[in-house]
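The block underneath contains the structure these notes are about, expressed in structure tokens.
Within every chain, numbering begins at 1; the chains are lettered A, B, ... in the order of the sequence lines, protein sequences first and strands thereafter.
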Amino acid sequence: MKTGDRIRRRPGEATYERIYALVRQIPAGYVASYGQIAALVGRCTPRMVGYALAALPADSDVPWQRVINAQGKISPRADSQGTARQRQLLEAEGIRFDAQNRVNWRQVRWPGPELDWLLANGFSPEPAWTPENAKS
DNA sequence: CACGTGACAACTC
DNA sequence: AGAGTTGCCACGT
């Protein structure tokens with residue numbers, strides 16, 4: 001170990017790629033929060049998840065629309081049309097929004113990947129916390 | 001409920 | 001090679 005090794009990450013596995021790998025596991029009909037993804041990735045902030053998703057190319061195979069904020073709402077961003085598109089994609093997958101434009105977390109929250117998948121892909125078996133849990 | 005605070009990697013010159 | 005730019009959040013008070 002040299003003095004610059006703050007974060008141990010596997011060679012070739014950039015943080016963004018790990019975020020993408022995780023988001024790819026979210027099945028249609030479920031959504032995850034930025035904080036939930038961040039907790040699974042480890043050494044990652046919810047904001048970074050947003051950064052990573054914002055950097056995705058349009059033709060990406062990552063289901064970015066399945067990640068929303070802890071309030072259960074679609075995060076506003078620069079391109080307002082993108083927000084509408086995200087909602088459209090989610091509704092096509094069966095996600096319902098209430099009058100406040102929020103989803104019902106208890107119904108559609110992604111439980112997370114299988115334990116063996118986590119282990120096989122170098123993720124921590126137990127996420128420290130999720131924002132939704134921390135509040136309650 | 002509104003506000004301020006915390007905290008990061010990838011890309012582009 | 002290094003500095004500057006960019007970008008979809010959560011929490012406590």
Side-chain angles (χ1 to χ4, degrees):
Chain A
M1 302 282 214
K2 302 175 184 70
T3 24
D5 297 327
R6 356 185 221 284
I7 303 175
R8 55 196 146 251
R9 62 184 173 206
R10 286 164 177 74
E13 289 188 20
T15 302
Y16 276 27
E17 285 305 320
R18 291 212 265 148
I19 293 171
Y20 298 152
L22 211 40
V23 174
R24 265 190 276 257
Q25 301 306 308
I26 308 176
Y30 289 90
V31 292
S33 73
Y34 296 95
Q36 185 182 353
I37 301 298
L40 287 169
V41 170
R43 288 293 165 222
C44 179
T45 62
R47 187 161 237 199
M48 271 210 50
V49 177
Y51 293 160
L53 294 182
L56 279 172
D59 59 352
S60 168
D61 62 333
V62 177
W64 54 270
Q65 73 273 16
R66 294 173 196 157
V67 185
I68 61 180
N69 63 29
Q71 306 169 2
K73 299 197 288 194
I74 295 173
S75 286
R77 60 186 163 196
D79 180 12
S80 59
Q81 291 184 353
T83 309
R85 170 165 173 72
Q86 181 171 7
R87 173 163 179 158
Q88 184 182 2
L89 287 169
L90 288 177
E91 286 180 331
E93 294 177 353
I95 305 294
R96 305 275 212 81
F97 292 84
D98 62 17
Q100 311 170 45
N101 296 321
R102 301 200 312 169
V103 304
N104 188 335
W105 271 121
R106 290 182 304 189
Q107 288 183 354
V108 299
R109 181 178 177 273
W110 180 48
E114 299 296 330
L115 180 58
D116 53 359
W117 187 94
L118 284 176
L119 296 176
N121 291 272
F123 289 93
S124 171
E126 46 180 271
W129 59 246
T130 66
E132 299 79 48
N133 289 341
K135 282 204 152 180
S136 57

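- One atom, CG of A/Leu53, and another, C1' of C/dA10, lie 15 Å apart when rounded to the nearest Å.
- For the pair A/Glu93/A/Tyr30, no side-chain contact is recorded, criterion being any heavy-atom separation below 4.5 Å from C-beta on.
- Here C/dG12 presents its P atom at 14 Å from CD of A/Gln71, a figure rounded to the nearest Å.
- Comparing atom distances between the A/Tyr16 side chain and each of C/dC9, C/dG7, B/dA7 picks out C/dG7 as nearest.
- Straight-line distance from the CG atom of A/Leu40 to the P atom of C/dC9: 19 Å, rounded to whole Å.
- If you measure from atom OH of A/Tyr51 to atom P of B/dC11, you get 16 Å, rounded to the nearest angstrom.
- Considering only heavy atoms from C-beta on, A/Phe97 stays 4.5 Å or farther from A/Lys73 through its side chain.
- Here the nucleotide nearest the side chain of A/Ser75, chosen from C/dC9, B/dC8, C/dG7, is C/dC9.
- Whole-Å rounding puts the A/Arg47 CZ to B/dA10 C1' distance at 16 Å.
- Atom CD in A/Gln36 sits roughly 12 Å away from atom P in C/dC11 (whole-Å rounding).
- As rounded to whole Å, 15 Å separates atom C1' of C/dG7 from atom CG of A/Asn69.
- The separation between A/Met48 atom CE and B/dC8 atom P is 8 Å, rounded to whole Å.
- Comparing C/dC11 with B/dC1, their C1' atoms sit 14 Å apart, to the nearest whole Å.
- The gap from the P atom of C/dT6 to that of B/dA7 amounts to 24 Å, rounded to the nearest Å.
- Considering all non-hydrogen atoms of both residues, A/Ala38 and A/Pro46 come closest at CB-N, 3.6 Å.
- Within 6.0 Å of CZ on A/Arg85 lie no more than 12 heavy atoms contributed by other residues, nucleotides or ligands.
- You'll find that the side chain of A/Ala70 is closest to C/dA10, out of C/dA10, B/dA7, B/dA9.
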